[in-house]
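Read through the structure below, which is laid out as structure tokens, and then see the notes.
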Number of protein chains: 2
Amino acid sequence: MILQLWYSHMSRPTPALLKPRKTPQQTRSAVTIEAIHCATIQVLLTGGIGRLTTTRVAERAGVSVGTMYQYYPHKQALLFALVERQFNLIETAMRDATTRLMGTDLRTIAHGVATAWLDAKMADMVASRAIYGISAEFDLSELMSRAAQTMTTSIDALLASACDAHFADRQSVAFMLAALLGGSVRVVMEAAPSEENFARLRRELPEACHAYLVAAGRSEVA
Amino acid sequence: MILQLWYSHMSRPTPALLKPRKTPQQTRSAVTIEAIHCATIQVLLTGGIGRLTTTRVAERAGVSVGTMYQYYPHKQALLFALVERQFNLIETAMRDATTRLMGTDLRTIAHGVATAWLDAKMADMVASRAIYGISAEFDLSELMSRAAQTMTTSIDALLASACDAHFADRQSVAFMLAALLGGSVRVVMEAAPSEENFARLRRELPEACHAYLVAAGRSEVA
DNA sequence: CTTAGATATGAATGATCCTTCAGCTTTGGT
DNA sequence: ACCAAAGCTGAAGGATCATTCATATCTAAG
């Protein structure tokens with residue numbers, strides 16, 4: 001199949017070809033697309049990527065396979081659309097939060113960022129959890145890198161604006177904070193997603209971030 | 001295929017059927033198995049699970065497909081063996097570390113645990129990275145839950161033994177520490193695996209753990 | 001009411017891939 | 001040297017699945 005020629009060494013997507021095939025013009029098709037989107041998440045949740053087939057998605061969405069191919073040139077494009085939408089949601093939420101927190105103190109920043117992150121991730125935990133594991137189909141690392149980079153940059157700017165601290169190696173601190181946030185929530189969602197654990201996360205994560213920021217900033221405060 | 005009857009709602013493995021089909025008795029076969037193991041990791045690294053086929057693994061290992069099926073009843077069993085081996089390695093490393101650190105102070109504990117974790121994960125980063133994403137083939141969450149639980153318990157015991165602090169909700173602190181460690185390393189390996197970032201991780205993660213433990217313990221120290 | 005364009009259908013196609021098995025080669029003990 | 005057990009082979013069977021396309025249905029503007 002020609003598809004395989006698009007990849008150099010891993011399942012790396014060629015963005016141009018991952019875009020939707022056509023944009024809906026009537027109300028009917030907009031509904032269809034939403035149904036497909038929704039069905040995809042459901043199928044992902046009940047069987048993981050390994051069991052996601054075009055037929056199953058179409059079935060669940062109540063449309064025929066052919067319909068799917070009218071909007072997405074292939075399965076990967078569908079998945080890509082899903083992931084991208086999710087990333088954008090979270091990215092926006094975090095951008096809003098960091099903007100709002102500019103110039104405040106370390107405690108406010110730590111708690112604000114941690115809470116915003118938790119809120120964003122939990123808001124559609126369904127989609128988030130569904131999306132973990134899509135990496136089997138195409139290389140997410142590029143997208144994840146970009147997201148991580150964006151987040152680190154936002155946090156870095158935020159730290160620079162803190163009114164009560166400054167850091168010797170602010171970039172590293174921002175990087176570490178992003179890793180702590182992103183990683184801990186992910187691990188809990190994947191390995192131990194219970195109400196109790198989410199409560200713990202909400203209680204402890206902001207404190208942990210705060211403690212780290214204070215410790216990292218202390219050595220440099222006059 | 002009958003395989004599908006083994007799963008209730010997700011790709012949940014039936015442990016009994018994931019075990020190796022037979023144990024090697026001659027040196028020859030031990031070599032073969034090792035080659036297969038090794039080939040599997042290589043194939044995973046260069047194409048992710050989506051491109052891992054029995055034929056490709058066999059080819060890379062320099063044996064025939066049939067040989068693989070002499071030791072593993074099916075593809076999943078092969079992957080399962082890989083994952084389990086890796087989990088055991090890390091689990092052992094962490095058990096050793098926590099044992100060694102019993103009764104020491106918070107700083108020693110934080111740095112010791114973080115360093116042990118980093119060492120274990122980096123030692124065979126190759127295997128670790130290869131394994132992320134296997135979840136497409138069968139449900140890893142059971143295994144991950146168990147691992148997370150084990151680790152939390154170890155850390156909990158360690159915290160209880162700390163000579164210079166005690167905690168109001170030690171379980172939650174242990175849980176959070178495990179999540180911070182596990183998550184941050186994973187995220188960096190997946191999203192931004194550069195030498196620079198690993199250096200940052202080595203520098204910042206122990207400090208972050210320490211800061212958190214001190215903050216969490218402070219409220220309770222007389 | 002008509003009709004062009006938009007949208008939906010689903011059987012058929014072709015490709016991929018897991019798994020088996022009947023026959024072959026190698027090993028190690030006697 | 002001989003042979004029984006262990007190990008290896010790879011073509012063929014059978015199943016799944018992504019994708020296409022000829023055909024049918026629907027929508028809305030004129």
Side-chain angles (χ1 to χ4, degrees), chain A residues 1-7 11 13 17-18 20-36 39-40 43-44 47-81 134 136-138, chain B residues 1-7 11 13 17-18 20-36 39-40 43-44 47-80 136-138:
Chain A
M1 199 192 310
I2 296 186
L3 257 186
Q4 307 203 343
L5 296 177
W6 295 343
Y7 306 105
S11 26
L17 291 165
L18 285 177
R21 183 168 267 172
K22 75 180 178 190
T23 329
Q25 314 222 343
Q26 304 181 355
T27 328
R28 183 167 49 140
S29 59
V31 171
T32 301
I33 288 191
E34 185 53 32
I36 292 176
T40 308
V43 172
L44 273 179
I49 238 294
R51 285 242 210 299
L52 185 142
T53 71
T54 49
T55 314
R56 230 189 292 267
V57 169
E59 215 171 295
R60 187 117 194 180
V63 300
S64 98
V65 216
T67 301
M68 249 189 57
Y69 279 88
Q70 214 137 43
Y71 301 102
Y72 300 100
H74 44 250
K75 204 174 78 162
Q76 298 200 345
L78 169 64
L79 294 171
F80 189 78
I134 284 196
E137 286 299 312
F138 58 83
Chain B
M1 199 191 310
I2 297 184
L3 256 186
Q4 306 202 346
L5 297 178
W6 297 342
Y7 306 105
S11 26
L17 291 166
L18 285 176
R21 183 167 269 170
K22 76 179 177 190
T23 329
Q25 314 225 341
Q26 304 181 356
T27 328
R28 184 167 46 142
S29 59
V31 171
T32 300
I33 288 190
E34 184 54 32
I36 291 176
T40 308
V43 171
L44 275 178
I49 203 129
R51 285 240 204 306
L52 185 141
T53 71
T54 49
T55 315
R56 229 189 292 267
V57 169
E59 215 171 295
R60 187 118 194 181
V63 300
S64 99
V65 216
T67 301
M68 250 188 56
Y69 280 87
Q70 220 144 34
Y71 302 102
Y72 301 99
H74 44 250
K75 204 175 78 163
Q76 297 200 346
L78 170 64
L79 295 171
F80 189 79
E137 288 296 313
F138 57 83

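Numbers restart at 1 for each chain; the letters A, B, ... are given by sequence-line order, proteins then strands.
- If you check every strand for non-hydrogen atoms under 4.0 Å, B:I33 touches nothing.
- One interatomic measurement links the two molecules: CZ of A:R51 to P of D:dC17, which rounds to 9 Å at whole-angstrom precision.
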message = Under the criterion side-chain contact (heavy atoms from CB on, under 4.5 Å), I'd like the reasoning laid out for A:I49 against A:L79: C-alpha separation, chi angles, the key distance, then a yes or no.
response = CA-CA 10 Å; A:I49 238 294; A:L79 294 171; 3.7 Å; yes
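- Applying the salt bridge (Lys or Arg N to Asp or Glu O under 4.0 Å) test to A:E59 and every residue at least two apart in sequence or in another chain returns nothing.
- No donor-acceptor pair closer than 3.5 Å links the side chain of A:R60 to the backbone N or O of A:V43.
- B:I36 places its CD1 atom 12 Å from the P atom of D:dG7, with the value rounded to the nearest Å.
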note = Annotated structure of DNA chain D as dot-bracket, pair cut-off 3.5 Å, Watson-Crick or G-U only, | for inter-strand, is ||||||||||||||||||||||||||||||
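- The interatomic distance linking A:H74 (NE2) with C:dA15 (P) rounds to 19 Å, in whole Å.
- Annotation: side-chain contact (heavy atoms from CB on, under 4.5 Å) contacts of A:A61 (sequence neighbours excluded): A:A35, A:I36, A:A39, A:V63.
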message = Protein within reach of the bases, or only the backbone? For nucleotides 4-11 of chain C, mark each nucleotide 5' to 3' as B, S or -, using heavy atoms under 4.0 Å.
response = --BSBBB-
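- Atom pair B:R56:CZ and C:dC18:C1' shows a separation of 13 Å (rounding to whole Å applied).
- The backbone N or O of B:E137 lies less than 3.5 Å from no partner atom in the side chain of B:K75, so there is not a single donor-acceptor pair.
- Between the C1' atom of C:dC17 and the CD atom of B:E137 lies a distance of 11 Å, rounded to the nearest Å.
- Between the side chain of B:S29 and the backbone N or O of B:T32, no donor-acceptor pair lies under 3.5 Å.
- A side chain to side chain contact (heavy atoms under 4.5 Å, CB included) with B:M68 is found for one member of B:I33, B:T55, B:V57 and no other, namely B:V57.
- Heavy-atom nearest nucleotides on DNA chain C were determined for B:T54 and for B:T27, and the one closer to the 5' end corresponds to B:T54.
- The distance from atom NZ of B:K75 to atom C1' of C:dT20 is 17 Å, rounded to the nearest whole Å.
- Annotation: side-chain contact (heavy atoms from CB on, under 4.5 Å) contacts of A:V65 (sequence neighbours excluded): A:T54, A:Y69.
- Close to D:dT20, at under 4.0 Å from its OP1 or OP2, lies no side-chain N or O of A:Y69.
- The salt bridge (charged side-chain N to carboxylate O under 4.0 Å, His left out) analysis of residues 23-36 of chain B, with sequence neighbours excluded, yields the pairs B:E34-B:R85.
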